[in-house]
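Every chain is numbered from 1, with letters handed out A, B, ... down the list of sequences.
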Amino acid sequence: MDFDFLSSTMVTLIKALPVTLALFALSVSIGCVLALLILWMRVGGNRYLSAFAKAYVFVFRGSPLLIQMFLVFYGLAQFSFIRNGPLWPLLREPFVCAVLSLALCTAGYSAEIFRGGLRSVPPREIEAARSIGMSGFLLVRRIIAPIALRYALPAYSTEVVLMMKSTSLASLVTVWEVTGVAQRLISHSYRTMEVFLCAAAIYLVLNFIVLQAMALLEYSLSRHLRAPRQRARPEA
Amino acid sequence: MADTARLSVRDIRKSFGAHEVLRGISLEARDGDVISVLGASGSGKSTFLRCINLLEIADTGEIWVDGEQIRMAQKGGRNHPASQRQVDHIRSELGMVFQSFNLWSHMTILQNVIEGPVHVLKRPRAACVEEAHALLKKVGIADKADSYPAHLSGGQQQRAAIARALAMKPKVMLFDEPTSALDPELVGEVLRVMRALAEEGMTMLVVTHEMSFARNVSNRVIFMKEGQIESSGAPEAMFGAGASPAFRQFFGHFGG
């Protein structure tokens with residue numbers, strides 16, 4: 001085994017890591033905010049907003065992310081009002097297009113995951129909160145959101161891991177993240193196996209860290225579901 | 001204070017679809033009154049209680065809490081509270097205890113008790129924590145402050161729920177069948193707490209099937225039948241020779 005080649009490949013790929021991480025962090029956080037917005041439209045009670053949210057989720061869950069990314073990257077430029085618009089300096093950047101399509105896509109999935117969490121909140125606990133005079137944002141912040149988050153977390157952590165892997169699609173719109181750099185290395189060296197194995201190892205390590213963080217968060221939000229620590233006592 | 005009623009309900013009506021659940025209920029509770037509301041299931045007594053703190057919205061009628069009337073408005077042909085702000089305020093003055101406790105499962109007992117005072121009444125946390133410990137001691141679960149609801153028995157959970165309601169310093173306490181979900185051996189501990197509250201002069205409205213509580217603790221008994229108050233009066237009269245035939249028949253089912 002050619003350890004010199006492997007280690008130099010690793011070094012090159014790790015140099016591309018900041019781009020992958022930036023794609024991931026930006027798209028997950030923007031997607032999360034968008035998802036909350038779509039969720040609000042979906043359950044807010046306005047018929048038209050709710051229909052829009054349903055359609056949004058259907059479109060972005062129902063079509064391939066790669067095609068969405070191509071549509072954003074190659075498609076937007078065909079509209080002259082976008083090409084001449086104020087956002088064009090941003091929208092012509094491959095990185096921005098990749099973040100945009102990743103965020104739009106995860107927003108659709110996440111909105112549905114959060115909605116599932118929301119539906120799991122016991123109505124009785126909401127009623128108890130109302131009975132002491134909570135309503136509106138206070139009720140959401142103190143009671144509904146914490147309970148819904150706990151229920152949504154397992155499914156959401158899967159979505160976050162999928163997003164980490166989906167960043168590799170950005171290579172196809174010329175963003176030089178880990179997978180893109182790996183392909184460039186292969187086109188020079190023709191050593192497909194070693195290079196892609198190195199890239200896979202990087203994604204594995206990243207997702208291991210992400211999953212550990214999510215598990216830790218889930219654990220810290222589940223204290224009420226575990227047996228009391230002081231003394232093992234039969235559950236009532 | 002002697003003249004204004006703590007709680008005054010005038011001619012409340014409520015329908016679910018074509019079914020009229022409440023057909024004109026009026027009631028007045030003065031300071032320190034303990035009123036038991038009895039009736040078969042389906043007689044509308046829980047709906048009546050839930051209308052008072054607006055968990056259900058009555059179709060018509062007036063509700064006054066401590067001299068303040070809840071303002072209603074028509075919206076889309078339905079009766080609706082005019083101001084959510086006022087609703088929140090009124091609810092914060094009415095302590096509600098539910099049949100199934102409804103504690104917030106993700107919070108410890110202490111957090112459950114201080115939640116309202118800290119976040120709704122915006123009072124300083126340290127003072128709330130101190131009061132919460134005193135309340136938990138009063139209901140006999142001082143050692144459970146840091147436990148989660150799922151780790152408590154039903155009776156302990158209900159006592160915690162009473163402490164949570166008391167922490168708001170309510171003007172009236174509403175109890176919606178507080179012992180109906182409990183195993184028989186746990187009923188007593190909850191009733192003892194309620195009796196102690198009554199003796200302290202708390203104004204209470206109690207929907208219950210506990211005849212001994214109605215008879216020995218409350219100073220007024222209301223018997224509901226088919227959405228109306230069939231008869232009401234002091235427990236001595238209600239459970240004595242002057243009982244109405246309908247109440248006598250209802251009461252007979254409980255082996256009285």
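- For the 3.5 Å distance criterion, the side chains of A/S131 and B/N53 fail to qualify, holding no donor opposite an acceptor.
- Per-residue counts of heavy-atom pairs under 4.5 Å with chain A were compared for B/E93, B/R91, B/R85, B/M96; the largest is that of B/R91.
- Looking at A/R141, only its side chain comes within 4.5 Å of chain B, counting heavy atoms on both sides.
- Side-chain atoms of B/S46 and B/D176 form a donor-acceptor pair, as typed in the model, at a separation below 3.5 Å.
- Looking only at atom types and distance, the side chain of B/S218 has a donor-acceptor partner in the side chain of B/S36 under 3.5 Å away.
- Only the backbone of B/L94 comes within contact range of chain A, judged by heavy atoms closer than 4.5 Å.
- Under 4.0 Å is where a charged nitrogen must lie from a carboxylate oxygen, and between B/E115 and B/R164 no such pair does.
- By number of non-hydrogen pairs under 4.5 angstrom with chain A, the leading residue of B/R50, B/M107, B/H106, B/Q84 is B/H106.
- A cation-pi geometry, defined here as NZ or CZ lying under 6.0 Å from the six-membered ring centre and within 45° of its normal, holds between A/R226 and A/Y219.
- Interface check for chain A: of the options B/S100, B/P149, B/S105, B/S92, the most heavy-atom pairs under 4.5 Å are formed by B/S105.
- In terms of heavy-atom pairs under 4.5 Å with chain A, the best-connected choice from B/L121, B/L103, B/L54, B/V87 is B/L103.
- Considering only heavy-atom pairs separated by less than 4.5 Å from chain B, the leading option among A/I143, A/I147, A/L138 is A/I143.
- Contacts between A/I132 and chain B at a heavy-atom distance below 4.5 Å involve backbone atoms as well as side-chain atoms.
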Item to complete: May I have the step-by-step check of salt bridge (charged side-chain N to carboxylate O under 4.0 Å, His left out) for B/E68 and B/K171, ending in yes or no?
Response: CA-CA 12 Å; B/E68 182 185 352; B/K171 292 179 171 158; over 6 Å; no
